[in-house]
Amino acid sequence: MSAILKFKEAAKELQQSEECKAYDAARKAYDDDSELQAKIGEFNLLRLDLNNEMSKEPRDNDKIAELNSQTSQLYGEIMDSQSMAALNDAKASIERMIGHVNAIINTAIEGGDPMAVEEPAEEECGGSCGSCGGCGH
């Protein structure tokens, strides 16, 4: 069996992981949240209005400030929504898993022991990869 076929089988197994199931459920809840989707649509329209106002000559700084304020407030509401928070949490979990998988693959490609690559603890990650070979962030 080729390595690619084995990776495809492993990917099918990953789809059954709790992380993937949680991400799928969160994505569905996000898509089905009509109130959130309406706010996202409104946010996108406000951003277009803001971009148009900023490109006009002469600029109406009061209108730009008002649109900027409305955009910021709506962005906060979107990010505070339960559906968006759940999606972001699930996405972060998936990204950690992908980083771990990438670390395993990179270790194997570089001649190391892929079985020795352990998932780094969340609290160990400082966001800087310069001194880390683990999570892939």
Side-chain angles (χ1 to χ4, degrees):
M1 181 180 299
S2 75
I4 297 298
L5 183 56
K6 288 180 182 178
F7 274 115
K8 288 179 180 181
E9 289 178 353
K12 285 178 75 172
E13 288 293 319
L14 280 176
Q15 287 178 319
Q16 300 307 311
S17 71
E18 291 304 314
E19 293 89 349
C20 284
K21 289 178 182 179
Y23 180 67
D24 190 47
R27 191 175 53 221
K28 182 174 179 0
Y30 166 88
D31 289 341
D32 292 345
D33 187 335
S34 58
E35 183 179 332
L36 175 61
Q37 294 306 318
K39 286 182 180 184
I40 291 170
E42 184 181 346
F43 174 81
N44 288 332
L45 291 174
L46 278 171
R47 280 188 37 209
L48 285 173
D49 289 346
L50 179 60
N51 287 339
N52 288 337
E53 281 300 321
M54 291 179 74
S55 65
K56 286 182 179 178
E57 288 297 330
R59 284 185 171 186
D60 182 343
N61 290 328
D62 291 337
K63 186 161 187 168
I64 290 171
E66 176 61 27
L67 287 169
N68 197 27
S69 174
Q70 290 174 352
T71 303
S72 294
Q73 179 181 346
L74 195 53
Y75 179 81
E77 291 174 19
I78 289 167
M79 296 310 289
D80 287 342
S81 79
Q82 185 176 355
S83 297
M84 181 62 87
L87 181 63
N88 285 338
D89 289 346
K91 186 175 180 181
S93 180
I94 288 290
E95 289 172 351
R96 282 190 299 276
M97 182 174 57
I98 290 169
H100 186 200
V101 169
N102 284 337
I104 293 167
I105 293 169
N106 287 333
T107 298
I109 289 171
E110 293 173 3
D113 180 5
M115 301 305 282
V117 179
E118 294 187 24
E119 184 176 8
E122 260 186 80
E123 61 271 3
E124 290 178 17
C125 182
S128 171
C129 298
S131 62
C132 178
C135 74
H137 282 135

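Note that the numbering runs from 1 along the sequence shown for the chain. Note that the structure is a prediction, hence the values are computed from the model and not measured.
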Find the distance between NE2 (His100) and CD (Glu118) and round it off to the nearest 0.5 Å. 7.5 Å
Considering all heavy atoms, the nearest Leu74-Phe43 contact: CD2-N, 3.4 Å
How about Met79: does its CE atom have over 12 heavy atoms from other parts shown lying under 6.0 Å from it? yes
For side-chain contact (heavy atoms from CB on, under 4.5 Å), just list the numbers for Ser93 and Arg96, CA-CA rounded to whole Å, side-chain angles, deciding distance to a tenth of an Å, and then say yes or no. CA-CA 5 Å; Ser93 180; Arg96 282 190 299 276; 3.6 Å; yes
Using side chain to side chain donor-acceptor pair (under 3.5 Å) as the criterion, list what pairs up with Lys28, not counting sequence neighbours. Asp32
Residues which pass side chain to side chain donor-acceptor pair (under 3.5 Å) with Glu77, listed by chain and number, not counting sequence neighbours: Lys39, Gln73
Spatial distance of atom OG1 (Thr71) from atom CG (Asn44) [nearest 0.5 Å]: 10.0 Å
Residue pairs involving residues 103-114 (criterion salt bridge (Lys or Arg N to Asp or Glu O under 4.0 Å); sequence neighbours excluded): none
Once you round to the nearest 0.5 Å, how far does OG of Ser69 lie from CG of Leu46? 10.0 Å
Sorted by chain and number, sequence neighbours left out, side chain to side chain donor-acceptor pair (under 3.5 Å) with Ser81 holds for none
What pairs of residues pass the side chain to side chain donor-acceptor pair (under 3.5 Å) test when at least one of them lies in residues 53-62, not counting sequence neighbours? Glu53-Lys56
Crowding at CD, Glu9 (>12 non-hydrogen neighbours, <6.0 Å): yes
Could you state the interatomic distance from CG (Leu45) to CD1 (Ile40), rounded to the nearest 0.5 Å? 12.5 Å
Working to the nearest 0.5 angstrom, can you tell me the gap between Ile94 CD1 and Met97 CE? 4.0 Å
Any sub-3.5 Å donor-acceptor pair from Asp24's side-chain atoms to Cys20's backbone N or O? no
Residues two or more places apart in sequence or in another chain: which of them pass side chain to side chain donor-acceptor pair (under 3.5 Å) with Arg47? none
Looking only at non-hydrogen atoms, find the nearest pair between Ile64 and Leu50 and report the distance. O-CD1, 3.7 Å
Using the rule that Ile, Leu, Val, Met, Phe, Trp and Tyr join whenever any side-chain heavy atoms are under 4.5 Å apart, tell me whether Phe7 and Ile109 fall into a single cluster. yes
Between Val101 and Leu14, is any pair of side-chain heavy atoms under 4.5 Å apart? yes
What distance do Met54 atom CE and Lys63 atom NZ have between them, rounded to the nearest 0.5 Å? 14.0 Å
Residues Tyr30 and Gln37: closest non-hydrogen pair is O-NE2, 2.8 Å
Flag, side chain of Ser72 to backbone of Asn68, donor-acceptor distance under 3.5 Å: yes
So which atom in Ala26 and which in Ala90 form the shortest heavy-atom distance, rounded to 0.1 Å? CB-CB, 3.9 Å
